[in-house]
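Protein chains get the first letters and strands the later ones, always in sequence-line order, with residue 1 at the start of each. Since the model is a prediction, treat every value here as computed from it, not as a measurement.
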Protein chains: 2
Amino acid sequence: MSDVDVEAPGQPGRRPRGRPGYDRDTVLRRAIELFNRQGYDATSINDLAVDLGVSKSALYHHFDSKEALLSAALDEALEGLSSAVAAAADATRDESAYDRLRATVEAAVHILVAHLPAVTLLLRVRGNSPLEMSALERRRHIDEQLATLVRQAAAEGDLRDDVDPEVISRLVFGMVNSLTDWYRPDGPIPPDTIAAAVAGVLFQGLHASR
Amino acid sequence: MSDVDVEAPGQPGRRPRGRPGYDRDTVLRRAIELFNRQGYDATSINDLAVDLGVSKSALYHHFDSKEALLSAALDEALEGLSSAVAAAADATRDESAYDRLRATVEAAVHILVAHLPAVTLLLRVRGNSPLEMSALERRRHIDEQLATLVRQAAAEGDLRDDVDPEVISRLVFGMVNSLTDWYRPDGPIPPDTIAAAVAGVLFQGLHASR
DNA sequence: GTCTATACCGCGATAGAC
DNA sequence: GTCTATCGCGGTATAGAC
């Protein structure tokens, strides 16, 4: 977790004296939240300005363009995901691929939860610009790491053999990524619980254990 | 499956003589495809006109507005889903909730595959307009039917009891709905195969059966 | 059912004062 | 770091001829 420079995190608007306005990171947080709620394309700079209570041009002091906001958000998500997935796969390198896969899935859930807004935005990118295409490419690369783990576990005979490993990868990603549609870290379910639930359902299935 | 009026399904552009141009349904198919590829908000009427090789105003002959295109697409997805889920839950009414749940999941996969473009669009709706909010509400109602089935199966003791039934519902939806991100009916995997794979992984889990 | 031309608006972004 | 004012573009949608 690399921290960013924080200047005046408090409420703006009342201008306490000294430095008014927003710092760059606060603008980014609000932008990500709005992008997720309305969609990136459906969110105008004016929407964000109104939401923050400042004028449009004030935002251009912090970010060169609307796309620069998106870029910063996608970078955060991609860096968090790639480092976490790589670390998880690495920390368990002497175990079976099956165990490493399970550890990686749980790690992916944790990082998704920790960076939920940024990851949500990343997962909705459609590839409409060079920036978005680049993000999709980086994401595809991360996915490939997990797909490799699935193939290894399948080769070791620990996964069901009636479903293609590539399909298994897709289904695993599908369930994990779908958390962005409803899970909230400040809700009633702790991150450890949801990570265990996802891994449990994925690996043991829904049926009651006898 | 209610059919729509089809007039001149053939290739346009060369104007064979008689009636040139497109029928309403062809315009809708292409619109849905573009909306899915670029996102609804990022797709302009001009994009669609260029894609079809006609002028913008020609499109307004078939649909009153851009939103009317979205409305028609969402209706198709919602009608298909609700009727299919209701039918599946109904056809197996004398079996256990567990078996009915599994049958409903497979039916949901099939209908999702059959109406893939429209369902994909539906799942990406954010609620940015009254129309979109209405679609989200109808979708929530369909989800509730499956959630009820999950609760029944849990009450009958056939589901693992270490995960909340509401969470199970979310995870099931997550995996099923994620098919829209990659599955293609004209690809190498037949619909029956993917439906069996999803149900198998969900209910038995990924582990190799001993 | 299509076309050209256009009205009208909101978008991203900039200039320059405070 | 903020503001007002504005530019230029591209958006949805319409008018009316063919």
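D:dT12 atom P lies 15 Å from atom CG of B:Asp64, rounded to whole Å. Distance, B:Tyr60 OH to D:dG11 P: 11 Å, rounded to whole Å. In this structure, the OH atom of A:Tyr40 is 12 Å from the C1' atom of C:dC11, given to the nearest Å. Taking atom CG of residue A:Leu70 and atom P of nucleotide C:dG12, one finds them 13 Å apart after rounding to whole Å. Rounded to an integer number of Å, the gap from B:Lys56 NZ to C:dT6 C1' is 10 Å. Across the protein-nucleic acid pair, A:Tyr22 atom OH and D:dC3 atom P stand 10 Å apart, rounded to whole Å. In this entry the distance linking CD1 of A:Ile45 with P of C:dG12 reads 5 Å, nearest Å. Rounded to whole Å, atom P of D:dT2 lies 12 Å from atom CZ of A:Phe63.
Checked against C:dG12, D:dC3, C:dC3, the side chain of A:Ser55 finds its nearest nucleotide in D:dC3. Here the side chain of B:His61 is nearest to one of C:dG1, D:dT2, C:dC11, namely C:dG1. Of the candidate nucleotides D:dA13, D:dT2, C:dT2, C:dT2 has the atom lying nearest to any side-chain atom of B:Val54. Here the nucleotide nearest the side chain of A:Ala58, chosen from D:dA13, C:dG1, D:dC3, is D:dC3. The side chain of B:Lys66 lies closest to D:dA13, out of D:dA13, C:dT2, D:dT2.
In this structure, B:Arg124 forms no cation-pi arrangement with B:Tyr40, as its terminal cationic atom is not both closer than 6.0 Å to the ring centre and no more than 45° off the ring axis.
The number of heavy-atom neighbours closer than 6.0 Å to CZ of B:Arg184, taken from other residues, nucleotides and ligands shown, is above 12.
Side-chain atoms of B:Asn36 come within 3.5 Å of backbone atoms of B:Leu121 as a donor-acceptor pair (strictly under, hydrogens ignored).
Residue B:Ser44 is classed as a sugar-phosphate contact, given heavy-atom separations below 4.0 Å to backbone atoms only.
A heavy-atom distance below 4.5 Å is not found between the side chains of A:Asp51 and A:Asp47. With contacts defined as side-chain heavy-atom distances shorter than 4.5 Å, the pair A:Ile32/A:Arg29 qualifies.
Between the side chain of B:Ser57 and the base of C:dT2, no donor-acceptor pair of N or O atoms lies under 3.5 Å.
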